[in-house]
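Computed from a predicted structure; not experimentally measured.
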Number of protein chains: 2
Amino acid sequence: MKFTTRQIEIINAATEIIGLKGVQKLTTKSLAAKMNFSEPALYRHFKDKNEILRSILLYFKGNMREGLNNVISENKTGLEKIIDTISFQFNFFVKYPAVIMVIFSETSFQNDENLSITVKEIVDDKRKIVKAILLSGQKDGSIRSDLKTNQLTNIIMGSMRITVLNWRLHGFDFDLQKEGEELIKTLKIILKK
Amino acid sequence: MKFTTRQIEIINAATEIIGLKGVQKLTTKSLAAKMNFSEPALYRHFKDKNEILRSILLYFKGNMREGLNNVISENKTGLEKIIDTISFQFNFFVKYPAVIMVIFSETSFQNDENLSITVKEIVDDKRKIVKAILLSGQKDGSIRSDLKTNQLTNIIMGSMRITVLNWRLHGFDFDLQKEGEELIKTLKIILKK
DNA sequence: GCAAAGTTAGTGAATGTTTACTAATTAACA
DNA sequence: TGTTAATTAGTAAACATTCACTAACTTTGC
């Protein structure tokens, strides 16, 4: 998926609205207002509203993946890679808090058949990456092998997600970076062989 | 919060719509249709739509809490209680899958100030319960004490949530009960002293 | 080198629908 | 007979989208 600069501007504006007020408040009106142009102008850049929503998902899927790929291509142990992966994501969310609702959107984007398929693909994709790292960690001996990778995946992804969501729920009123480090410390102890 | 039988019927119908199609598809029209009566009939039982949404949250908050209270009032170790708590919730969701979207709804109900406060209270409430059990488990020696209860809470709640959400995302196509038992087995090993 | 042709990104006005909600009325029944 | 629960028929506002049109660029062919 390639996007024009203008499309990316719109995607960012839409993401900000969703992050601040929820998907229900993302309307052609609110989006056009944030972009400082008229509603019909949106249709110069996207076929319809659903394409905007799908583009938001795909755009951040790409962003996330790029960052994760950088992390996992380094020459480190599985445990280190997992830690880096989590760390990268916490940094990402601190930097772009508006994206949280988009990335953790299983519950929000399921009103359209097409969108919920996209969401599913994104989630499965990430799960696969984490699982693969865990497996490599079990092989290189940095991660304990007495627990199934599937379960460890749930524990890692789940605890990270709930920490971030909780941050959002509490109006970003605590230091996510710090909380992230706490979680990483804990997970390290749990995962280590 | 006391509800009439008719109100509970409406709450259940609304929950089913949300569970199946998402909050955005819960409209006065769709809800009335599911209830087999006209839209204005809804207003016999609720002041407005927001009161319906709030009632859904409160109703299941009550249901959950009742079940959890039963579990934690038994005379068991902290570890056993935590396991029972998780187990209870998996059973609950298998029985009432439509409720999942309501219980794990931080992301969906935040379009209204009032509702998102209610959601926050529910989440915080549950977090407190889990944390208290963990603490008692650390005191009675059934749960390891080298990790902070806050972090353990995130790990437990997060992994449970993501397992259930994943089940939903995949159209309920695997055995959640079994997956829940797997998770419990894993968590037991991790938490044990 | 420059006019004709085409493209890009926007506008205001209007569209048909859907939304939540209300007023007035009626059927049921204890 | 009076309360409860429903109805029919409506409303204003919000919604996504289309329409006809324009101003400002860019490309192309002579």
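Proximity of His45(B) to the phosphate of dT4(D): no side-chain N or O atom is located under 4.0 Å from OP1 or OP2. In terms of phosphate contacts, Arg44(B) brings no side-chain nitrogen or oxygen within less than 4.0 Å of OP1 or OP2 of dT7(D).
Summarising the geometry of Met101(B) relative to Phe109(B), their closest heavy-atom pair is O-CE1, 4.4 Å, with the distance given to 0.1 Å. Scanning both residues, Gln7(A) and Lys2(A), for their nearest heavy atoms gives OE1-O, 4.2 Å.
Considering only side-chain atoms of Asp48(A), the nucleotide from dT17(D), dC21(C), dG10(C) that sits closest is dT17(D). Here the nucleotide nearest the side chain of Thr28(A), chosen from dA6(D), dT17(D), dT22(C), is dT17(D). The Lys49(A) side chain lies nearest to dA16(D) when the options are dA5(D), dC21(C), dA16(D). The Pro40(A) side chain lies nearest to dA13(C) when the options are dA20(C), dA13(C), dT8(D).
Atom OH of Tyr43(A) is separated from atom C1' of dC15(D) by 9 Å (rounded to the nearest Å). Following rounding to the nearest Å, Glu39(B) (CD) and dA23(C) (C1') show an atom-to-atom distance of 15 Å. Separating the CG atom of Leu31(A) from the P atom of dA16(D) is a distance of 10 Å, rounded to the nearest angstrom. When rounded to the nearest whole Å, the span between CD of Glu9(B) and C1' of dA5(D) equals 13 Å. Straight-line distance from the CG atom of Asn36(B) to the C1' atom of dA6(D): 13 Å, rounded to whole Å. We find that NZ of Lys29(A) is positioned 14 Å from C1' of dT19(C), with the value rounded to whole Å. Rounded to whole Å, atom P of dG10(C) lies 10 Å from atom CG of Leu42(A). Distance CZ (Phe46(A)) to P (dT17(D)): 13 Å, rounded to an integer number of Å.
With hydrogens and angles left out, the side-chain atoms of Asn150(A) and Arg127(A) include no donor and acceptor closer than 3.5 Å. Using modelled atom types, one finds a donor on one side chain and an acceptor on the other under 3.5 Å when comparing Gln89(A) with Lys126(A).
In this structure, Ile52(B) reaches neither bases nor backbone, as no heavy-atom distance under 4.0 Å exists between it and the strands shown. If you check every strand for non-hydrogen atoms under 4.0 Å, Ser38(A) touches a base. Across all strands shown, Phe37(B) has heavy atoms under 4.0 Å from sugar-phosphate atoms exclusively, and none from any base.
Summary of the strand contacts: Lys47(A) and Gln24(A) both lie near DNA chain D, and taking for each the nucleotide with the nearest heavy atom, the more 5' one is attributed to Gln24(A).
Ring orientation note: the planes of Phe3(B) and Tyr59(B) are nearly perpendicular, at an angle over 60° on the 30°/60° scale.
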